[in-house]
Amino acid sequence: MGLMRYSTGAALAALLLAGSAHGQTAAARPQGPAQTPAQIPAQGVAAGAPNPAAEEAPTTARAEPKFEMADGIVATVNDKIITGYDLRQRMLMLIASSQVQPTEQNLPAIQQAALNALIEDRLKNQEMAKFESLKVTDEEVDQEIAEMARAAGTTPANYLQFLQQGGIQPAAFRDNLRTQIGWSQLVPGRFNSRARPSSLQVDQELRRLNEAASKPQFLLGEIYIDASRVGGPQAALNGARQLVQQIIQGAPFQAVAQQFSSAPSANARVPGDAGWVVRDSLQPAVQTVVDQLQPGQLSNPIVVDGGVYILYLRDKRDGASTSLVSLRQVMVELPETASEADVAAATQKLQAMRTGLTCDNILSQARATEGVIGADLGEADVANLAPQFQQFARTGELGAVSTPIRTPLGLHLVAVCGRRVGGPEAPNRQQVENRLRAQNLQVLERRYLRDLRSDALIEFK
C-alpha cells in the first residue's frame, strides 16, 4: 500500500486545450471512440518497446496547465462536497504522478480517474474520522514529503515549489498525502489478523507453485481498466489506447499502473507487477496475445469480460530454472542381457505390486516382497536424474506411481513423493505467506471501499 509518488521529471504542463474541460461534470465520459493510430490496433501483438521502469520523462520545457472548469460543486459524498477546484487539483496530481501527458482525447479519462479518487478519499476520510486514535500529524506529512524529495534528489521546499509551478497547491497536496497515510495505517490495523493466511492456504500455494515449476511462465506487468469504473467497455478501450500511446512516449509503466489500473497489483510494492504467471492460468484472449510478445514489448489493449488489459512482458521461461523432486522406488534387478521371459516375469510382479502402492508404504511393501529392492532416492534436480526417470518425474502427480520403467540396472516402479521449485528465485514458505497476506489485505481493502461506496449517498451536480 505504497503512497503516490510525484517525479520531478514529470512533464506536468502540457497545455490542456482551452475549453476541453469546461463544463465537464462528475458524470463526464469520453464522447465517442478515440481515433486509433495506425500502429495501435485494438488487439494484436506488441505496440512498442518502451522503458516501463523509467523514472523520468524527457526534461522538456513546461507550460502551466490551463483549465476552464467551473469552481462550483461537482459532486457530494454523504454531504461532503467535491468542487471543480478539488477536481482540477487531483487531475494535476494524477498527471504528475503518472507522467501521462494530457490531450484532448485522454482528458475525460484523466478526469474520471481523478473523480473516482476524490470520491474514495471523501469516503476514506469519513471512515477514518470514526477512529479517534487515528490522527495523521503534520510531522508525518512532512516526513513523507521529505522522503519524496530525497528520492527525487532535491529538498522538500524545491519539491513543493516544482509541484506548485505545475499548478498543484501545497495545501491540496498535503491533504491528499494525509488521507493516503491515514488509510495506509487504518487498513492493516483493522484487517491484519483476517489477512493472515492459514497454513492450509500456504501449503496450497506452495503446491501450486511447485506444480507450475515445469510449465511455461511469463513475468508480466499489468494494467487493468475496469469498464464499470470508467463509463463502459468503449470508454475502457479508448482509455487503454491512450495509455498505451503515453507509455510508448515515455510515461513509466509502474506509475501509470498505480494511477489507472484496477488490478490488485496496482497497490503492490512495485505497482503493476503481476510476477511470474503460468501460461495456463491466463484468460484465452490474454494468452493469445502474450504468446506473441517478446521480452520488453508492450501489448495493445486486450478486451476481456468486464474491462481491458495492457500487459508488459518483462521475461519468459519454459519453467523454473530448477525443479526438485523427491522419489522412492522398488526395482527388480535385471542385466541388460536379460531374456524377454525374465523381463516379462519382472513386469508382471511389479504390475501386481503397483496397485495400492503409496509413498508411505512403498518401502515396506518392497521389504515384504521377495526379489524386490526398495530405496528412497531422496531429492534431486530433475535434470540430473536418469533419462528414463525424467519424464515421469516432471509430469507425474504427487503420490503417483509409474508403470514399470526399464533401465540398464533393472525394472523400476517410481513414486513421486515431493516436488518443489529450486534455484535462487524459488520462494520460501515465509515469502509465500507474506505475499498471500498482502494479496488478502488488498482484497479486504477493495471490499471495504466497495461497501463504503455502496452505503454512501453520492450525488453528481
Side-chain angles (χ1 to χ4, degrees), residues 1-16 50-67 83 85-102 110 113-114 117-118 120-121 124-125 128 134-188 246-247 249-260 266-273:
M1 297 178 60
L3 300 185
M4 187 187 305
R5 300 291 176 174
Y6 301 80
S7 168
T8 56
L12 291 181
L15 270 186
L16 296 179
N51 178 9
E55 289 298 328
E56 294 191 354
T59 53
T60 56
R62 297 190 310 273
E64 188 166 344
K66 294 181 180 179
F67 292 88
T83 67
Y85 170 81
D86 298 327
L87 187 54
R88 287 198 304 276
Q89 287 293 299
R90 181 53 61 89
M91 290 171 71
L92 288 171
M93 293 181 203
L94 190 151
I95 292 166
S97 58
S98 67
Q99 298 187 34
V100 166
Q101 299 299 308
I110 293 173
L118 281 170
E120 290 186 351
D121 274 6
K124 290 174 182 178
N125 286 327
M128 288 187 291
L134 184 58
K135 301 294 183 183
V136 179
T137 65
D138 290 341
E139 289 73 18
E140 289 177 282
V141 176
D142 290 338
Q143 288 173 6
E144 182 60 28
I145 293 173
E147 175 59 26
M148 290 179 171
R150 185 199 63 77
T154 188
T155 65
N158 287 341
Y159 188 80
L160 290 174
Q161 182 180 11
F162 167 82
L163 293 176
Q164 194 165 9
Q165 287 173 351
I168 300 174
Q169 298 304 311
F173 181 64
R174 293 178 67 90
D175 286 345
N176 175 240
L177 286 183
R178 195 181 303 275
T179 300
Q180 290 190 62
I181 294 169
W183 189 252
S184 70
Q185 295 171 357
L186 173 60
V187 172
Q246 293 287 339
I247 294 168
Q249 293 168 7
F253 187 95
Q254 295 170 6
V256 174
Q258 186 176 39
Q259 297 308 315
F260 290 94
N267 294 320
R269 184 180 61 84
V270 179
D273 182 15

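If you're wondering where the values come from, they're calculated on a predicted model, not measured in any experiment.
To the nearest 0.5 angstrom, Met91 atom CE is 10.0 Å from Arg88 atom CZ. To the nearest 0.5 Å, the span separating CG on Leu94 from CD1 on Ile110 amounts to 6.5 Å. Separating the CD1 atom in Ile145 from the OH atom in Tyr159 is a distance of 8.5 Å, to the nearest 0.5 Å. Between the CH2 atom in Trp183 and the CG atom in Leu134 there is a gap of 10.0 Å [rounded to 0.5 Å]. Atom CD of Gln164 and atom CG of Leu92 lie 12.0 Å apart (nearest 0.5 Å). Note that the OG1 atom of Thr154 and the CD atom of Gln161 stand 9.0 Å from one another [nearest 0.5 Å].
In terms of the side chain to side chain donor-acceptor pair (under 3.5 Å) criterion, residue partners of Asp273 (sequence neighbours excluded) are, by chain and number, Arg314.
In this structure, the side chain of Arg174 does not engage the main chain of Val141 through any donor-acceptor pair within 3.5 Å. Proximity of a side-chain donor or acceptor of Gln99 to a complementary backbone N or O of Gly250 within less than 3.5 Å is not detected. Looking only at distances, no side-chain donor or acceptor of Gln185 sits under 3.5 Å from a matching main-chain atom of Gly182. Side-chain atoms of Gln246 come within 3.5 Å of backbone atoms of Gln101 as a donor-acceptor pair (strictly under, hydrogens ignored). Between the side chain of Asp175 and the backbone N or O of Ala172 there is no donor-acceptor pair closer than 3.5 Å.
Side chains of Asn176 and Thr179: a donor-acceptor N/O pair is absent below 3.5 angstrom, by distance only.
Proximity of Leu163 to Phe173: side-chain heavy atoms (C-beta onward) are separated by under 4.5 Å at one or more points. A 4.5 Å side-chain heavy-atom check between Asp121 and Arg90 finds at least one atom pair inside the cut-off. Using a 4.5 Å heavy-atom cutoff, the side chains of Leu177 and Gln180 are in contact.
Closest of all the heavy-atom pairs between Val256 and Ser98 is CG2-O, 3.7 Å. Between Gly272 and Ala257, the shortest heavy-atom contact is CA-CB, 3.7 Å.
The salt bridge (charged side-chain N to carboxylate O under 4.0 Å, His left out) pairs that include a residue from residues 153-167 number zero, where partners must be two or more places apart or lie in different chains.
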Given side-chain contact (heavy atoms from CB on, under 4.5 Å), test Ile181 with Arg178 step by step and report yes or no.
CA-CA 5 Å; Ile181 294 169; Arg178 195 181 303 275; 5.9 Å; no
